Structures are given as structure tokens and as C-alpha cells.
Amino acid sequence: MKYNKIILAGGNGYLGRVLTQYYRELATEVIILSRTQKVADENVKTLVWNGIEEGEWADALEGADLLINLCGKNVNCRYTEKSKKEIISSRQQPTELLGLVIGKMKAAPKLWINVTSATIYRHAEDRPQDEETGDIGYGFSIDVCRVWERSFFETVTPKTRKIALRMAIVLGRNDGAFPRLLNLVKLGLGGHQGDGQQYVSWIHEQDAAKCTEWLLQQEELSGVINCAAPEAISNTDLMKLLRRSYGIPFGLPAPAWLLEIGAKFIGTETELILKSRWVKPKRLLDGGYPFLFSKAEHAVKDILSIRI
């Protein structure tokens with residue numbers, strides 16, 4: 001095994017499952033911090049925590065090679081005052097708690113990656129947003145990211161390197177955005193959304209996992225890092241690619257006004273679809289990270305080749 005111990009805080013979600021599968025072959029032990037107890041699965045172990053209070057789980061962080069924090073309420077909901085508070089607290093509280101615990105350790109984790117969001121940047125159709133020249137946007141989603149990252153970097157962890165990994169939309173067959181978009185295509189509704197000109201920054205799930213190990217090995221890197229494929233794609237081109245790859249010749253488009261009605265009906269926000277997220281992974285590219293999937297066409301073909 002290359003690594004001793006990998007910790008995944010809040011690791012029961014989609015990306016957590018991807019990371020678990022990736023690291024279980026590389027580490028002696030993969031420990032998931034979860035609110036729900038699960039039976040151990042070979043070298044994958046679950047420890048119960050609530051993300052608010054210290055407990056016995058804290059001892060497991062000693063000597064870890066890598067801690068990845070994935071905690072946070074799903075933003076795919078209506079932004080009521082109640083949900084806004086829950087979205088913020090579900091990110092801020094676990095982050096501050098982990099920082100408090102790590103800061104007191106003698107054998108603290110070597111690297112702490114907080115998976116944040118590339119949505120922190122403004123709506124961009126004019127140029128890509130990178131870590132150095134990108135413009136921070138405005139609105140509730142951006143406010144969440146600001147609080148989240150501030151909580152992370154304000155924690156005092158002198159023995160632990162820290163990276164805020166601004167994650168783009170993760171594409172994979174089993175969960176996340178991809179199967180939902182594919183369902184629209186299957187139903188003949190796979191046209192562009194809104195005017196279709198908004199950019200979609202994405203990352204194949206295997207790159208999302210692999211880059212965390214690569215960052216563990218690049219000991220000189222810390223701070224903010226964008227996790228996105230080098231080439232973003234417009235919503236129009238993405239939907240066209242999905243239709244062509246699945247063999248569906250036509251898809252009805254969805255104008256913005258119709259999306260707003262639909263969003264209220266299913267309990268989500270149109271921002272998740274209509275905001276143009278054009279993100280460049282400058283620091284990964286400058287550091288020579290070897291992307292498995294740089295082009296959306298190759299990523300989609302790979303995902304569709306996976307049997308479920």
C-alpha cells in the first residue's frame with residue numbers, strides 16, 4: 001500500500017464514494033466520518049460524528065496521510081431562509097471543527113483538502129476564470145463559498161498543508177449531473193437550456209479523485225486550486241454531444257422562463273443550470289497534472305461505456 005490512512009469527512013455522498021473506491025486500493029485504511037454507522041467493508045471503516053462536536057473519531061486523524069472534507073448540504077434545493085442557514089452551517093461547522101482538532105495534534109494529517117466549489121467565480125462568457133485573475137461573483141452561492149473558504153483558511157494547522165479545491169461539475173455514470181442530463185436526452189428534452197451559451201466547467205470523476213493524490217505528492221502546492229478539465233464546453237455543445245453519443249437526433253430546448261417554472265416545481269434553483277461557469281485549472285496545468293480526460297467528448301464516451 002502506498003499510503004497508511006486516508007480520511008474522508010462526509011464521505012457517503014457521490015464524490016465520497018468515488019474517492020473511497022479510488023483509495024481503497026492504495027491505502028491500508030480508508031476512514032469515513034459519517035452521521036450514520038456502517039459495517040466495515042474490508043479496509044474501509046466508518047466512524048460516527050455529527051460534524052459539530054469532538055469525539056472518539058478525532059483519534060483516527062492522527063497519522064493520516066490525507067484528509068478530504070466533503071461536508072455540505074446539497075445545494076440542489078430552493079433557497080429559503082431555512083435552507084440557506086443549513087447550507088452555510090453544514091459547511092462552516094465541520095470545517096471549523098476539523099481545524100480545531102487538527103491544530104492540537106502531534107501527528108496531524110499531512111494534507112487537508114477542503115472540497116469547495118468553482119461556482120465562487122462570476123458568471124463568465126468572456127474569458128476563463130483562474131486562481132490568479134478570476135473574478136469572485138456575487139449572490140448567495142458565492143457568499144456560501146466565501147464563508148466556507150474563510151473558515152478553512154482561518155483555522156490554525158501549522159503541521160498540515162491546506163488546499164481549497166474548487167470543484168467543477170463532476171461527471172460520472174452513477175450519480176451527479178450526468179445521469180440527470182442523460183435522462184433529459186432519453187426523453188427527447190435534451191436541447192439547450194436557456195440560450196445555451198453558458199459555459200459548463202466539468203471534471204471526470206476519475207480526474208476528480210486522481211488529482212487529490214497528485215496534490216498529496218506535490219508538497220509545494222497549497223492554497224486555492226481549481227479542479228476542472230482544461231476545456232469548458234457550452235451548454236448547447238454539451239447537450240448536442242450527449243444526444244450524438246447516445247444516438248438521439250433531436251432534443252427540445254428549455255427557455256429560461258420554462259426552467260424557472262420547472263425549478264419551482266421540483267424544488268431547485270435555475271442558477272444551477274443558467275450560470276456560466278468557465279473555470280480554468282491554471283495551477284494544475286502549470287504543475288503538470290496529467291489529465292485523464294481533457295475533452296468533454298472523450299469523457300462522455302468513457303462514461304457511456306461503463307455498464308451499470
Side-chain angles (χ1 to χ4, degrees), residues 6-23 27 30-35 49 51 61 64-76 86-99 102 109-121 129 131 134 141-155 157 160-172 175-178 201-218 221-229 272 277 279 281 283-284 289 291:
I6 305 295
I7 311 293
L8 304 176
N12 280 336
Y14 165 48
L15 184 54
R17 294 192 296 272
V18 171
L19 289 164
T20 297
Q21 290 302 116
Y22 182 83
Y23 280 110
V30 177
I31 296 176
I32 299 171
L33 302 184
S34 171
R35 295 176 185 271
W49 80 326
L61 273 62
D65 296 279
L66 173 63
L67 162 65
I68 303 179
N69 179 23
L70 301 149
C71 292
K73 173 181 167 63
N74 196 322
V75 297
N76 188 13
E86 291 175 348
I87 287 170
I88 291 175
S89 64
S90 66
R91 287 160 172 76
Q92 184 177 17
Q93 289 179 340
T95 297
E96 292 176 347
L97 175 61
L98 289 169
I102 292 171
K110 296 174 184 177
L111 172 62
W112 174 11
I113 295 178
N114 232 41
V115 177
T116 62
S117 175
T119 199
I120 194 170
Y121 298 107
Q129 306 293 296
E131 300 93 335
S141 296
I142 285 80
D143 291 342
V144 172
C145 294
R146 285 177 182 271
V147 171
W148 200 358
E149 292 190 3
R150 184 170 63 245
S151 300
F152 177 56
F153 286 117
E154 285 181 352
T155 59
T157 58
T160 299
R161 181 164 55 101
K162 294 191 292 189
I163 290 174
L165 195 60
R166 291 176 175 171
M167 190 70 68
I169 296 173
V170 180
L171 298 183
D175 206 342
F178 188 88
S201 281
W202 59 275
I203 186 83
H204 189 290
E205 63 181 21
Q206 289 305 307
D207 273 317
K210 182 183 176 183
C211 85
T212 63
E213 184 191 6
W214 184 83
L215 290 169
L216 178 58
Q217 297 167 351
Q218 312 304 308
L221 293 179
S222 62
V224 170
I225 293 181
N226 291 340
C227 185
L272 301 175
R277 295 172 174 85
V279 179
R283 298 192 69 192
L284 288 182
Y289 171 72
F291 280 92

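Residue indices begin at 1 and follow the sequence shown. No experiment lies behind these values; they were computed from the predicted model shown. Heavy-atom basis, side chains included; hydrogens, waters and symmetry copies ignored.
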From [X] atom [atom1] to [Y] atom [atom2], the distance as rounded to the nearest 0.5 Å:
| X | Y | atom1 | atom2 | value |
| --- | --- | --- | --- | --- |
| Glu96 | Gln92 | CD | CD | 4.5 Å |
| Ile113 | Asn69 | CD1 | CG | 11.0 Å |
| Tyr23 | Asp65 | OH | CG | 9.5 Å |
| Trp202 | Cys227 | CH2 | SG | 11.0 Å |
| Met167 | Cys211 | CE | SG | 6.0 Å |
| Ile32 | Trp49 | CD1 | CH2 | 12.5 Å |

Point to revise | Ring-face cation contact, Phe152 with Lys162, 6.0 Å cut, 45° max | key: yes
Practice item. Would you mind telling me which of Asn114, Thr95, Thr116 makes a side chain to side chain donor-acceptor pair (under 3.5 Å) with Glu149? Key: Thr116
Does any non-hydrogen side-chain atom of [Y] lie less than 4.5 Å from one of [X]?
| X | Y | answer |
| --- | --- | --- |
| Ile68 | Ile7 | no |
| Ile102 | Thr155 | no |
| Leu61 | Leu33 | yes |
| Leu97 | Gln93 | no |

Kindly give the heavy-atom pair with the smallest separation between [X] and [Y], and that separation in Å.
| X | Y | answer |
| --- | --- | --- |
| Lys73 | Glu86 | CE-OE1, 3.4 Å |
| Leu70 | Val115 | CD2-CG2, 3.7 Å |
| Ala177 | Ile169 | CB-CG2, 3.7 Å |
| Trp112 | Gly99 | CH2-N, 3.5 Å |
| Ala9 | Leu98 | CB-CD1, 4.1 Å |
| Ala168 | Ile203 | O-CG2, 4.3 Å |

So, [X] side chain and [Y] main chain: donor-acceptor pair closer than 3.5 Å or not?
| X | Y | result |
| --- | --- | --- |
| Ser201 | Val279 | yes |
| Arg161 | Lys110 | no |
| Thr160 | Thr157 | no |

Assess, by modelled atom type and distance only, whether the side chains of [X] and [Y] contain a donor and an acceptor separated by less than 3.5 Å.
| X | Y | value |
| --- | --- | --- |
| Arg277 | Thr119 | yes |
| Tyr22 | Gln206 | no |
| Arg283 | Tyr289 | no |
| Glu205 | Tyr14 | yes |

**Study point:** Cationic N near anionic O, under 4.0 Å, Arg166 to Glu131
**Key:** no
Exercise for review: Give the intermediate values and the outcome of side chain to side chain contact (heavy atoms under 4.5 Å, CB included) for residues Ile6 and Ile31.
Suggested key: CA-CA 6 Å; Ile6 305 295; Ile31 296 176; over 6 Å; no
Review point. Among Asp207, Asn226, Leu165, Ile225, which residue meets the side chain to side chain contact (heavy atoms under 4.5 Å, CB included) test with Leu284?
Key: Ile225
